[in-house]
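Presented below is the structure to which this report refers.
Since we're looking at a predicted model, the values are computed, not measured. Just the heavy atoms: all of them, side chains too, but no hydrogens, waters or symmetry mates, feed the values below.
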Amino acid sequence: MRMIYGMDALLLTDELFSLYLQVLEREQIMHKFHEVTARLEQALSRISHENLDILEEVKEQVELVLAQFRRAKGRVDVPDVELYEDLLSLYNKSNDAAADPEVLRRLAEKLQLVGIAELMQESLALHEMVSASGGDPGAIFEKMSNLLKEIKDFVQTENPNLDAPAREKNLPPSSSCAQTTTVANHKAPVIPDDFRCPISLELMKDPVIVSTGQTYERSCIEKWLEQGHRTCPKTQQTLSNPALTPNYVLRSLIAQWCEANGIEPPKRPSSSQPSKTKFACSPAELTKIQILLCKLSSSNPEDQRMAAGEIRLLAKRNADNRVAIAEAGAIPLLVKILSTPDSRTQEHAVTALLNLSICEDNKGSIISSGAVPGIVQVLKKGSMEARENAAATVFSLSVVDENKVAIGASGAIPPLVTLLSEGTQRGKKDAATALFNLCIYQGNKGKTVRAGVIPTLMRLLTEPGGGMVDEALAILAILASHPEAKSAIGAAKAMPVLVDFIGNGLPRNRENAAAVLVHLCAGDQQHLAEAEELGVMSHLVDLAQNGTDRGKRKAAQLLQRLSRFVEQQKRSQSQAEAQAEQSLSQSHAQ
């Protein structure tokens, strides 16, 4: 516990976020506490407990509490003014301004954040608090993340070898002076924010992408998910599925940055040797799994339902269970009961496969066990929850590129499009993420268009509430390069909707709408003319200046094409006018 006020004052929790928030809002919080104290004292004063038939001990307790409230009303706590002012100066600092090193030093010492372990603990506690709050506290959370990063940069810059204490302790005494000189003369380069894991604040070794598009260090986000969280730590959006996709581009950029700064690139943790010695299942747990598998393979429907439900929960709990359940031979048994007429058993089975598929090694086992036809059958005929989880399973399995081909050929796309059209909000999002991932493979794009996805996407773009706009535009953008998709988008009269999103949408939606328009207008004079008439030029100029990097590129492409089109129209008009004038002159001459 850390104390900001006096002996009898408010004690704040160990989480730095809580500390930061309460220090910055100390006046309001103190006022609220004093107000509540006064109201409680007033309420107790009005109770004529002398006239009540209660024990003397109870009367004494009431008198004692009342006396404490009266003393509290007159007490004024003395805050740590320097801590308050230091935090306030960083809070009001612009993002571009450099922080005062002395302020950072005082904060690191007072908050006891002088080591990497403490900083990582505070970062994890911060994300836990945000998750527990049920949403992102907004600007305060962003300021807190920035504060943690600045303190960590300061600590690491001052002590470049802080993260290697064991190595330093083993140095011979004669090297200590040389080491001090080296540390003094060498400042560690500041790690770019995009290369840090938002949870640990460390340089990422194995960056992976979650369903919200955010990137994390694999070990950190896996720990987050294993603790039962189902939200993105940074955005607090609900994760539509638990799949983790390797971010190869970022990993390459991190390696290039390390090489440019003379740092050894971080080595990706080996996945060939699972760490069973550290987190292995106990013999009792393995025995339980074997018993469940016996029930799963029985002919008793109730035993199958119960066992499938238990395996579903065990596979959800942690990574070791997922490995142990798969190694025990559960996957073929679960695949077999996907075709059961019992809807609840079917739901448990497909969800168990979804949870098992989080483990990368299990994805291949699920595919090789012939699960895809059964999953497709659940997509078509299962209960709504089973269909939703089947769609999430399709997404998880299709993370592996070769699986995209097999799943696309299995007939999974039409029922996914149906779920996108008629499912619950969660079902629509599961279907959308699965379709998006499948359409990364060019061969699945035509199948998706022929399944009728374009009219469904257009309806999602214009329906009240707009809960599926992000997903619909993302799918349109990835489909638009396909000739059939381009024709279907044009037939759906999408141009006014796309132009409106380029002008008024959120940054990512503006970018995707522009990407669709790039393909739509490629070599198509009619679409170029329609876009120009709808006033897209001014929207594109703004996007080229203020959009995302990809949005700027798409806007520049469109502006170039539209400029050429307008110039061509002007030349054609001038030629037509010249010909008309020449014809008129000839007629007068005759």
Side-chain (Tyr216) to main-chain (Lys234) donor-acceptor, under 3.5 angstrom: yes
Approximate separation, where rounding is to 0.5 Å, of Met204 CE and Ile254 CD1: 5.0 Å
Close side-chain approach of Thr393 and Val350, heavy atoms under 4.5 Å: yes
Arg344/Glu347 salt bridge by N-O under 4.0 Å criterion: yes
Residue list, salt bridge (charged side-chain N to carboxylate O under 4.0 Å, His left out) with Glu532, at least two apart or on another chain: none
Distance, nearest 0.5 Å, that separates CE of Met495 from CD of Gln526: 9.0 Å
Value rounded to 0.5 Å, distance of OG1 in Thr245 from CG in Asn437: 6.0 Å
Glu511 side chain to Gly547 backbone, donor-acceptor under 3.5 Å: no
Validation row: Ile489, Leu476 side chains within 4.5 angstrom (heavy atoms): yes
Lys445 side chain vs Leu479 backbone, donor-acceptor pair below 3.5 Å: no
Residues in salt bridge (charged side-chain N to carboxylate O under 4.0 Å, His left out) contact with Asp549, at least two apart in sequence or another chain: none
Distance (rounded to the nearest 0.5 Å) between His539 NE2 and Leu517 CG: 11.0 Å
Ion pair check, Glu567 and Arg564, cut-off under 4.0 Å: no
Interatomic spacing from CG in Leu559 to NZ in Lys552 - rounded to 0.5 Å: 13.5 Å
By salt bridge (charged side-chain N to carboxylate O under 4.0 Å, His left out) - contacts of Asp542 (at least two apart): Arg510
Presence of salt bridge, Glu385 and Arg312, under 4.0 angstrom: yes
Test item: Asn362 side-chain N/O and Ala326 main-chain N/O as donor-acceptor pair under 3.5 Å: no
What side-chain donor-acceptor pairs closer than 3.5 Å can you find for residues 366-383, not counting sequence neighbours?
unit_1, atom_1, unit_2, atom_2, d
Ser368, OG, Gly364, O, 3.0
Ser368, OG, Ser365, O, 3.1
Ser369, OG, Ser365, O, 2.7
Ser383, OG, Ala386, N, 3.3

Straight-line distance of Asn247 CG to Asp206 CG, nearest 0.5 Å: 10.0 Å
Within 6.0 angstrom of Gln442 CD, more than 12 heavy atoms from elsewhere: yes
Residues that Thr462 engages under side-chain hydrogen bond (donor to acceptor under 3.5 Å, both in side chains), provided they are two or more places apart: none
Atom CZ of Arg508 with >12 non-hydrogen neighbours under 6.0 angstrom: no
Salt bridge (charged side-chain N to carboxylate O under 4.0 Å, His left out) contacts in which one or both residues fall within residues 478-507, not counting sequence neighbours: Arg450-Glu484
